[in-house]
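Working notes for the structure below.
Letters A, B, ... are given to chains in the order of the sequence lines, protein chains preceding strands, and every chain is numbered from 1.
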Amino acid sequence: APLAELSGDQDFQLFLHKNLEFTRKIKGDVAALQRVVCDTFQLCKEEELLLVQQDLRITQVALEQCHRPGFQAEACFSQIRDGLHAYHSSLAAVLELLPSHAGLVETLQLDAANLSSNIQQQMEDLGLATVTFPAEDRGPLPAFSSRFQHQVGGFLILANFQRFLETAYRALRHLAR
Amino acid sequence: LLLLLRLGGTLGCASVEVGSPVVPLGSAVTASCSVRSRLCRGLQGGRARISWMLDNETVAGSQGCGGGDTEVSNLTLPQFNRTQAKLWCWVEWNGTKQRVGLAEIRAGYPPAKPSNLSCLLNLSDYGLTCRWQPGADSLLPTSVVLKCSTSRAPAVTGCTPQGGRSHCTVPRRLLQLYGQMEIWVAASNALGTAESERLRLDPMDVAQLEPPALRSIQSVPPQTDCVTLAWAVAPSSAHMELWCELRYRPPEDPNWVLVTGIVGQAGTAQCCGLLFGTPYLFQMRCRRHSARGHWSEWSAARNHTTHE
Amino acid sequence: LLLLLRLGGTLGCASVEVGSPVVPLGSAVTASCSVRSRLCRGLQGGRARISWMLDNETVAGSQGCGGGDTEVSNLTLPQFNRTQAKLWCWVEWNGTKQRVGLAEIRAGYPPAKPSNLSCLLNLSDYGLTCRWQPGADSLLPTSVVLKCSTSRAPAVTGCTPQGGRSHCTVPRRLLQLYGQMEIWVAASNALGTAESERLRLDPMDVAQLEPPALRSIQSVPPQTDCVTLAWAVAPSSAHMELWCELRYRPPEDPNWVLVTGIVGQAGTAQCCGLLFGTPYLFQMRCRRHSARGHWSEWSAARNHTTHE
């Protein structure tokens, strides 16, 4: 049954409530890292980096299936799961940038991976079409041509990840009772 | 006098065989000591007189020919009641007694089934600490590990208790937060294995919340019998939907008044019906709104004396 | 979907170059910011207005054409007095100010020459602990290591002081006991290196002996003014030829009487000329007979009251 019809299902609601809380936790940890980047590198405002951002061409993870109108729950879930997987890898660049906060970044990677597999598990439990991801999709670490680009890259990854989580959170809340 | 032992794997001058080096306590132990005179320099031709010692006690074996120039002594200990012992084979040689073979025997029980397994998730480092009752001592070297599996990953060792303790902590990287996990204890020794019941849980449902903090207490407004408390949850549960309780009482009064169903993150709560000019103690605790998991400890008490 | 970054080292829209990222404190710093309009989407055609900020302070540069569509602004800070600062290059774009380049500058001094190097060998774990004076702070990240070499092995790092301390311990496996070693401190940072004087020593000659133990004190025989002390050296120096000293005094008397030249391992020593019926404090210490190396601490005091 399409996901939307299952909104009344108790297990599905429990899944939604749990992972809404999980998403809030992850958003809080991303915000904490954004404060570290601001304090450490004085990179705090995205509007000051629009020009150099074009150099880096850090693309956002699109969640168009999660936006209204045309909200498509199953496709949205797949996009959230894939996006979490992508950010799990991208955060490696942040890990390199903030060695003294490795614990927080690694926790973030673990949380992103857990949330992604929670969604994958729920889709499988509901018998939805699933694309299974290779467990470790570690592309080559991005090579920055300067420390400044690396710092800006880290800042933008976290900013994009925060926006991604905000959209994912609204989608989950839309389905939750 | 050097022990006449031959290096390398070829059978030496003598060797001791036992049925099993580890036996259930109280069961029988059989052993044989074979002495190959031809390979024992100085023993050629003569019959080797074999004798046995269990640690420091002489025990009697029955000696016979093992064919060729091999003498064999067989020994049966009907009821082996030591948890650990050395079984020595001696041979008389040039008027002296020589140690020529050894078997180390242990006795005990198969591991008991671990029970009362319970776990708590620490929200500062997200380590899952599990405790259990080990059951009767098996008296044998027993390896105990905590196993865990998730719906998406096969069973792995979550942690290994140190120094014979009955608790250990599964690190965050092996946990599936907000997902279903199975956790159990596996014990094994030479005589067998045993597993505890399997605990099916979401680590978050056994989170040990840190208590909220009572920030301030004020009378509201001066002439009523109410007070307003300002409180905040611990940072580690800032992202959670919580269900909190408040209790208060005058110091000398043994009974607490309980205010339940306080929902929300941080804010204020109001208590009315208080006596005037009376010192009160206030405490608060929370747990997750989904009514799963444990209450936090009560917060540090805060006192406030109501106005006259 | 993923982080698609320009791979390889091609220059971006702008870049900041500095003469050197680490300079002596107070010296001049020169920097240039080059903006390649063609590579900055949205800047094409227009002249890029470049400005500078040192951390949060605006500083003036001089802007000119760098050939083709590149604008260059040069900046000179005559006297750079901060130990660390970020030099930002900004460009105005669509009515906003954009950060387009950064240079992180540090300033300080070459490392000072470490001095007063001394070492002590601990006889319980045979670790050689060395201490030194680091000298003036260089204000720069400075790596400090203790180097050691023997006649038979090239220089290796003996140990690295932790947390900015000025001592560390060379483990036993790097020592040549009873042999000649050279030990020195090497400090280096971006502005230079410095080495302490080289200490030539045999680790055993700087052994810190553990004090002997006074076993018992008796009057000898009852009617004389002498006492006999039974003493023993610490187990860790049992294999050494030692040279020991004894001192004694009545508790209230500030001056010790010193008995030197006590040779040997364990045994007895005699003191005469003591007052009758007087409480005395006794202590003993030793050092290696070769008169090299340090005295041990004085042993724990032992008191004895002479007979009437």
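The shortest non-hydrogen separation linking A:R24 to B:H239 is NE-O, 2.6 Å.
In this structure, A:F22 CZ and B:D202 CG are separated by 9.5 Å, a value rounded to the nearest 0.5 Å. One finds the CG atom of A:D111 at 8.5 Å from the OH atom of B:Y178 (value rounded to the nearest 0.5 Å). A distance of 14.0 Å separates CG in A:L20 from CE in B:M240, rounded to the nearest 0.5 Å. Distance check, rounded to the nearest 0.5 Å: CG of B:D205 to NZ of A:K18 gives 3.5 Å. Rounding to the nearest 0.5 Å places OG of B:S237 at 12.0 Å from NZ of A:K25. Residue B:R173 holds its CZ atom at 9.0 Å from CG of A:L110, rounded to the nearest 0.5 Å.
Your options are B:S151, B:G179, B:P235, and the one with the most heavy-atom pairs under 4.5 Å with chain A is B:S151. Ranked by heavy-atom pairs under 4.5 Å with chain B, the first of A:E106, A:Q122, A:Q121 is A:Q121.
Side-chain atoms of B:Q176 come within 3.5 Å of backbone N or O of A:N114 as a donor-acceptor pair.
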Task: Chi angles and distances behind the side chain to side chain contact (heavy atoms under 4.5 Å, CB included) call for B:M204, A:E21 - done: CA-CA 10 Å; B:M204 285 311 300; A:E21 179 179 299; 4.0 Å; yes
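Residue B:E297 qualifies as open at atom CD: its count of foreign heavy atoms under 6.0 Å is 12 or below. Crowding of B:E197 atom CD: a count of heavy atoms from other residues, nucleotides or ligands under 6.0 Å not exceeding 12.
In this model, no donor atom of one side chain and acceptor atom of the other lie less than 3.5 Å apart for B:R152 and A:N118.
For the pair B:H289/A:H17, no side-chain contact is recorded, criterion being any heavy-atom separation below 4.5 Å from C-beta on.
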